[in-house]
Amino acid sequence: MTVNLNETLFNRAKVTIPGGVNSPVRAFKAVGGTPRFVKRAQGAYFWDANDQRYIDYIGSWGPMILGHGHPAIKEAVHSAVEEGLSFGAPTEREVELAEEIIKLVPSIEMVRLVSSGTEAGMSAIRLARGATGRSKIIKFEGCYHGHADALLVKAGSGLATFGNPTSAGVPPEVVQHTLVLPFNDTEALEVAFKAHGSEVACLMMEPIAGNMNFVRATVPFMKRCRELCTEYGVLLAFDEVMCGFRVALGSAQSLYAQAIPGFEPDMTVMGKVIGGGMPLAAFGAKREVMEHLAPIGGVYQAGTLSGNPVATACGLATLREIQRPGFFENLGARTASLVSGMTAAANSAGISMCGDSLGGMFGYFFLDKLPSNYATVMTTDSARFNKFFHGMLDEGVYFAPALFEAGFVSGAHTEQDVADTVAAAKRVFATL
Ligand SMILES: *Cc1c(COP(=O)(O)O)cnc(C)c1O
């Protein structure tokens with residue numbers, strides 16, 4: 001009998017690390033089975049502890065937009081390492097990265113670099129509260145903004161629920177200012193603004209929600225969010241940690257600006273792609289908002305490793321590569337062909353499936369029609385999803401191990417990878 005080294009490692013990990021993992025979704029709890037321990041990765045693939053190869057459709061949950069081991073990224077990181085790992089003093093590369101982000105996302109006039117999306121989201125909320133002098137925040141059910149206490153809330157049923165923590169360890173008093181609304185529900189939005197609009201500091205949203213699989217905010221809904229925020233003096237904060245530099249070079253806000261003339265969010269939270277696989281995230285806004293931050297303003301925020309020289313080198317190199325002509329056109333076309341290939345294969349096997357994608361981000365659902373909110377996403381047949389997931393894993397294709405997660409294609413994925421994936425999906429659909 002051959003030894004399964006993933007299993008050996010998982011059993012060993014569980015002794016010293018809660019659940020054997022350092023971030024819950026990695027444990028395969030939703031889909032069952034043994035997580036794959038990754039040994040190395042290159043291009044569109046990674047290899048597990050048993051040296052089994054997988055086509056990687058999670059890309060570290062988004063950052064690896066160029067695929068693994070891209071030569072320009074490796075070179076940038078290696079040369080940064082030679083110059084020093086961390087200084088706790090400013091560096092030129094931080095300025096360069098800030099300039100690059102602002103050039104690509106014009107709604108941002110100033111930006112602060114941090115080390116994780118959680119930190120960026122949490123700091124953006126504090127800044128919004130400090131800048132407006134208001135306490136309440138609005139978020140949407142199914143949108144994830146990191147695990148800061150005030151944001152770990154989702155609605156129960158009903159239109160709007162105040163303070164209903166999703167995690168143990170979050171006191172109700174901490175989330176009493178967080179108002180949770182259903183996504184893409186304009187009526188609920190109107191009601192909430194009428195009742196509380198003048199006490200709300202910011203409305204935070206994932207414009208393309210990637211933490212309930214893949215759900216776009218509709219254009220009319222986005223338009224109304226913008227109008228109401230302007231009317232009530234609420235800061236519209238886009239959490240583009242996942243979709244930033246992933247769905248388009250100008251991020252999701254550039255797509256909404258195409259549909260809604262003059263559209264801009266007031267604040268933006270970034271992460272994932274801007275670090276290219278290193279711990280780096282950011283939040284930015286107009287100058288008058290950002291100048292509320294210490295050391296100029298009264299909103300405190302700091303970080304020992306913020307703007308880390310190796311992370312900024314990696315992020316800068318990544319942002320430069322994705323600006324190459326045709327990068328997003330090719331990425332978008334390949335991702336769309338993956339989704340259309342998979343859904344066509346499912347439908348011809350008599351299985352209801354639909355999907356959607358933008359740039360290098362996609363979602364697929366065992367549903368007749370694309371969902372527009374969390375409640376509908378959750379009607380997906382999870383037993384079927386889990387069977388499909390494991391079937392694909394056995395075929396050497398690694399999709400997200402939970403039905404409420406988006407998928408990612410990188411610049412390293414080829415037509416052949418997509419064709420191989422669709423062929424594998426056909427074989428798996430036949431067993432469902
Ligand atoms: C991943 C993610 C975060 C949290 O980022 P971390 O770096 O994991 O802390 C926040 N918001 C969104 C939309 C995300 O996808």
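As the structure lists them, so they are numbered: ligands from 1, and atoms in each ligand from 1. Values reported hereafter were calculated over all heavy atoms of this structure, with side chains retained and with hydrogens, waters and symmetry mates removed.
Set against the non-hydrogen atoms of Met242, the atoms of ligand 1 under 4.0 Å away are 15 (O). Residue-ligand proximity, Ser116 to ligand 1, at heavy-atom distances under 4.0 Å covers atoms 7 (O), 9 (O). Per-residue contacts place Glu206 under 4.0 angstrom from the following atoms of ligand 1 (heavy atoms of the residue considered): 13 (C).
Closest protein heavy atom to atom 2 (C) of ligand 1: Lys272 NZ, 2.6 Å.
The side-chain heavy atoms of Asn308 and Ser115, taken from C-beta on, include no pair separated by under 4.5 Å.
For Asp239, a nitrogen or oxygen atom sits less than 3.5 Å from a nitrogen or oxygen atom of ligand 1, counting backbone and side chain alike. Taking only nitrogen or oxygen atoms, main chain and side chain alike, Gly117 reaches within less than 3.5 Å of ligand 1. By the 3.5 Å distance cut-off applied to N or O atoms, Asn211 is counted among the residues near ligand 1.
For the residue pair Tyr398 and Arg36, no side-chain donor N or O sits within less than 3.5 Å of a side-chain acceptor on the partner. Checking Gln301 against Arg126 by side-chain atom types alone, no donor-acceptor pair falls below 3.5 Å.
Taking a distance limit of 4.0 Å, we find that atom 6 (P) of ligand 1 is approached by some protein heavy atom.
Look at Arg93 and Glu96 and you find no salt bridge, because none of the NZ, NE, NH1 or NH2 atoms lies under 4.0 Å from a carboxylate O. A salt bridge does not link Glu99 to Lys103: none of the charged nitrogens lies less than 4.0 Å from a carboxylate oxygen.
Remark: of the listed residues Arg134, Lys136, Arg129, Lys136 is the sole one forming a salt bridge (charged side-chain N to carboxylate O under 4.0 Å, His left out) with Glu199.
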